[in-house]
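Below you'll find the structure, written out as structure tokens, and then a few comments.
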Amino acid sequence: MTPNQAFYRLSREERLEQLLDRHLLTKEQADCLLAGKTLPLSAVDTMIENAIGIFGLPFGLAQHFTINDHSLWIPMVVEEPSVIAAASNGAKRVARSGGFHISHTERIMLGHITFNQLSDPETFSEQVSQHKADLLQLAASAHPSIVSRGGGPIDLFVKPFPNFTSVYLTVDTKEAMGANMINTMLEALKEPLAELAHQQPLMAILSNLPTESIATAQCTLLPETIKTSKMSGTLVAERIALATDYANVDPYRAATHNKGVMNGTDPVVIATGNDWRAVEAAVHSYASRDGHYQSITQWEMTPEGNLKGQLTAPLPIGSVGGTSRVNPLAKLSLDLLQQPSAKDLAGIMAAVGLAQNLSALRALVTTGIQAGHMALQYKSLAHSVGAVGQEIDIISRQLKKEKIANQVVAKALLLRLREKN
Ligand code: MEV
């Protein structure tokens, strides 16, 4: 291995050696990755019903992230070829301008117990207010361990809707995502609330729109860090700012814009054993909180002529629980991220989403995305027709020069290469 050789040019063994040298992995973890060991087969039957095996996805690292002045390697589980390269590229540009800054509000999750067609919603609401302290106490005693960890139920309030009345419970879930905890508390409140309502509730469930648990990642880029060979940094910056303005007026674009953001965030959610469906639900419902689906990132020019980016969204994850207890790779991911608190982990996920969005927008408003996308697609294509080892690089270089790059062309190129050798 040549010193300072780019990480992506190394073999998988050499990459693991580097991580070992940097004390980012233990020998046991490196061996586990080398051997392709993931979730133990013995665990799958305890996780889902009707398990028949383990479905694999690539596990990689994004580089160059500076977050709150710390350098981090970001674990990502993703199948889309260009995602990790784009995240690393965006992060490298941001690092040249001071890195990402992350922050988080309190982590307050919520859920509701809902009644349909109450005969006297006003009296019910008054009764809930009168019994609020007891109801909160009951919720706390349904999950005492969170109270001993300094969290637990915070507030209870009634929200009227046409034909429906909901009692909302807010909970400080500390390091946990909190879905089970909240659902347990809500179910403990069903019976006492049914007595006050004189009818059974329709349902009791957490909400995946935790508007009081918001992660923020910010960065400010100097224009020269985003210039291209054909466009000045200032022009690129202005065009990136325009790209978010456009996403905010056209939901068809906002959906793709936010998908690009989640290209960065979801792989970290998955790598750390968290529930990506919960995160997706939270992000997209938050993006339409004003009744109009918008971008979850905002890019704008500062008075100094720099480009400022911000991602603000609820990212309901936990730094404990999820599959991190059973999946050694989820634990490894959290180790790589230096065991962040849930607030920091959500902030890191926001920073990766912002980096990914920066790379996508920079490409879109300059050369277009296909050039970058295709480089790795060619490798996948070469691999899919049976190329191995060095053949993959040779075929993907040749595919790049072809007018049409598909499996038929890739197969023919491989055949020709093998005939020559
Ligand atoms: C592709 O997976 C993601 C992009 O479409 C995102 C975007 O358009 O901003 C490139």
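Each ligand, and each atom within it, is numbered from 1 in the order the structure gives. Keep in mind it's a predicted model, so treat the numbers as computed, not measured.
Looking at Q356 against ligand 1, nothing comes within 4.0 Å, counting heavy atoms.
The closest donor-acceptor contact from the side chain of S319 to the backbone of S341 lies at 3.5 Å or more, if one exists at all. Judged by distance alone, with hydrogens and angles left aside, the side-chain atoms of R93 form no donor-acceptor pair with the main-chain N or O of I226 at under 3.5 Å.
Taking every heavy atom of L364 and a limit of under 4.0 angstrom, the matching atoms of ligand 1 come to 7 (C), 8 (O), 9 (O). The contact set between ligand 1 and E80, taken as ligand atoms under 4.0 Å from a residue heavy atom, comprises 1 (C), 2 (O).
Side-chain contact check for E391 versus R418: some heavy-atom pair is nearer than 4.5 Å.
The distance from the CD1 atom of I392 to the CG atom of L381 is 11.0 Å, given to the nearest 0.5 Å.
The two residues V385 and L414 come nearest to each other via the heavy atoms O-CD2, 3.4 Å.
Taking only nitrogen or oxygen atoms, main chain and side chain alike, N263 reaches within less than 3.5 Å of ligand 1.
Here the heavy atom of the protein found nearest to atom 9 (O) of ligand 1 is R253 NH2, 2.8 Å. The nearest heavy-atom contact from the protein to atom 5 (O) of ligand 1 is T256 CG2, 3.5 Å.
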